[in-house]
Number of protein chains: 2
Amino acid sequence: MKLASSRDRAAGRPVSRQVLADHVYEELLASLMDGRLEPGAAVSIDGTARELDVSPTPVREALARLEHTGMVRRVALKGYRVAPVFTQEDFAELMEARLAIEPVNARLACSRLTPDGLAELQEAVKDLETAPRGPSFVEFREYLDADERFHKLIAEQSGNQFMLAAYAALGGQVQRFRLFGGVGITDAEQAIAEHRSVLEALASGDPERAAAAMADHVQKVRARAIADAPAD
Amino acid sequence: MKLASSRDRAAGRPVSRQVLADHVYEELLASLMDGRLEPGAAVSIDGTARELDVSPTPVREALARLEHTGMVRRVALKGYRVAPVFTQEDFAELMEARLAIEPVNARLACSRLTPDGLAELQEAVKDLETAPRGPSFVEFREYLDADERFHKLIAEQSGNQFMLAAYAALGGQVQRFRLFGGVGITDAEQAIAEHRSVLEALASGDPERAAAAMADHVQKVRARAIADAPAD
DNA sequence: CATAGACGAATCCTATAGGAATGGTCTCCT
DNA sequence: AGGAGACCATTCCTATAGGATTCGTCTATG
């Protein structure tokens, strides 16, 4: 796995210049999302630098940023490690937090929804419907991306930078809860219907109805996940 | 301003080893809180490194972490800058977000409050009462610290890591809103009384009452700040 | 006099090298 | 054979140096 060898950079164009640390960030994020990096595994700075053919400095900066997302943890002097898997308690806490934040986002977004914003939301739901849903990570990645995009768009449309920041604080984790047990996407049809309900509520212009639709969606996601949870 | 010169480190004990980047982080944070670094000012990596007598590497890592708190912004290729001052719109957004998050924290914390947690909260309120309240930054810094500690303790006592993360996402900003206009602490008596009400509600064991007390506090903070705002 | 081009200083970004500590393994002694 | 101590490899952390870019200023020209 190589981003762009020093030879390539030394040659013609500077590839894009200065985004090197950003590329490392994106590459590590993709590895975490896809499960290539298993929870608990050590993320060596030097090793990652060699693997991506860069120096340790941008890797260090990328990891410092990733630490704030909760995906990796820094153990003072032992380096970075991938955060442990979700337990059912973690999942319950995440849903509790989403239930506190996301309905508020929906209410705020409903008040100041623009035609462009509505179009983007409709596109996200459409992608959700057409995305493939296989058993492998790469196969339902587009589905998860569309899901994440839908909720993030609502947070952005809220017009409140702090609510967006609060959502982003748990946003990176939202994706990973799917991995707690290795279950795939089994509730796509119901989830799509709920997303459509949220979309309709937003389009109706009634803020309370939008908030209620979002709360209903989150609660049903929680209920389904508990039902699907592996009996340990 | 020097942390620990290389000569000092080269001498006897290694100071504490490896916490160099953390010291830079704390030092920059203090400079931002105290207003020594004015909003909009550039934070040069090399300059900060020279000023603190360290190499640019730990400064870079500290700034990468600070970026996620919103205190500084990274402009791609122009370096880091201190985030601009709060406008009244920013303040309104912050209070809206706090109103969505903090009452939930209070409700959750009330359900699982421990005697130790209650004692810590009581101590924070006590510090709030005894802290000096002068016009200068350094003089009411203890007051702000106690305020921040009170709210952060409740977020921690909620037992929900994601609610704590959501609160932390806007926590760094909570302090800085005092600077939008340069007004000092003018509402200490009322704020202390409200904090005491929140504390009593938590001790009563009624979650809904705790949430209501916290919501009332945040709303009154917002109302007072709007009244005190400089007429521009 | 205004504007375009060029030069220079300051800054950021990356790479490489060296010092220090941790963890594992091997050997020696009891 | 079991345990303690030492050695080695790996890794992290910091410092220094060099390449590349941006911004401000100065000068020459239309």
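Remember, it's a predicted structure, so these values are computed and weren't measured experimentally. Sequence lines set the chain letters: A, B, ... in the order given, protein chains first and strands last, and positions in each chain run from 1.
Counting non-hydrogen atoms under 4.0 angstrom, B:V59 reaches nothing in the nucleic acid.
The CZ atom of B:R81 sits 14 Å away from the C1' atom of C:dC12 (whole-angstrom rounding). Atom CD in A:E61 sits about 15 Å away from atom P in D:dT14, given to the nearest Å. Rounded to a whole Å, the CG atom of B:D46 is 5 Å from the P atom of C:dC12. B:D22 places its CG atom 12 Å from the C1' atom of D:dC13, with the value rounded to the nearest Å. In this structure, A:D53 places its CG atom 14 Å from C1' of C:dT16, rounding to the nearest Å. One interatomic measurement links the two molecules: OH of A:Y25 to C1' of C:dT14, which rounds to 21 Å at whole-angstrom precision. Between the P atom of C:dC12 and the CG atom of A:L20 lies a distance of 18 Å, rounded to the nearest Å. Across the protein-nucleic acid pair, A:I45 atom CD1 and C:dT14 atom P stand 15 Å apart, rounded to whole Å.
Between A:S55 and the phosphate of C:dT14, there is no side-chain N or O to OP1/OP2 separation shorter than 4.0 Å. At the phosphate of C:dC12, neither OP1 nor OP2 sits under 4.0 Å from any side-chain N or O atom of B:R60. For the pair B:K78 and C:dT11, the criterion of a side-chain N or O lying under 4.0 Å from OP1 or OP2 is not met. Taking 4.0 angstrom as the limit, A:S44 places none of its side-chain polar atoms (N or O) nearer than this to OP1 or OP2 of D:dT10.
Proximity of A:E89 to B:Q161: side-chain heavy atoms (C-beta onward) are nowhere separated by under 4.5 Å. The closest side-chain heavy-atom distance from B:L202 to B:Q157 is not below 4.5 Å.
For the pair B:T57 and B:G47, both in contact range of DNA chain C, the more 5′-proximal nearest nucleotide belongs to B:G47.
B:E142 places no side-chain N or O within 3.5 Å of a backbone atom of B:A131 that could act as its donor or acceptor partner.
Between B:R65 and the choices B:L28, B:D22, B:V24, the side-chain contact (heavy atoms from CB on, under 4.5 Å) rule is met once, by B:D22.
Closest contact between the side chain of A:P56 and the listed nucleotides C:dA15, D:dT11, C:dT16 involves C:dT16.
Not counting sequence neighbours, the partners of B:Q122 by the side-chain contact (heavy atoms from CB on, under 4.5 Å) test are B:L118, B:L199.
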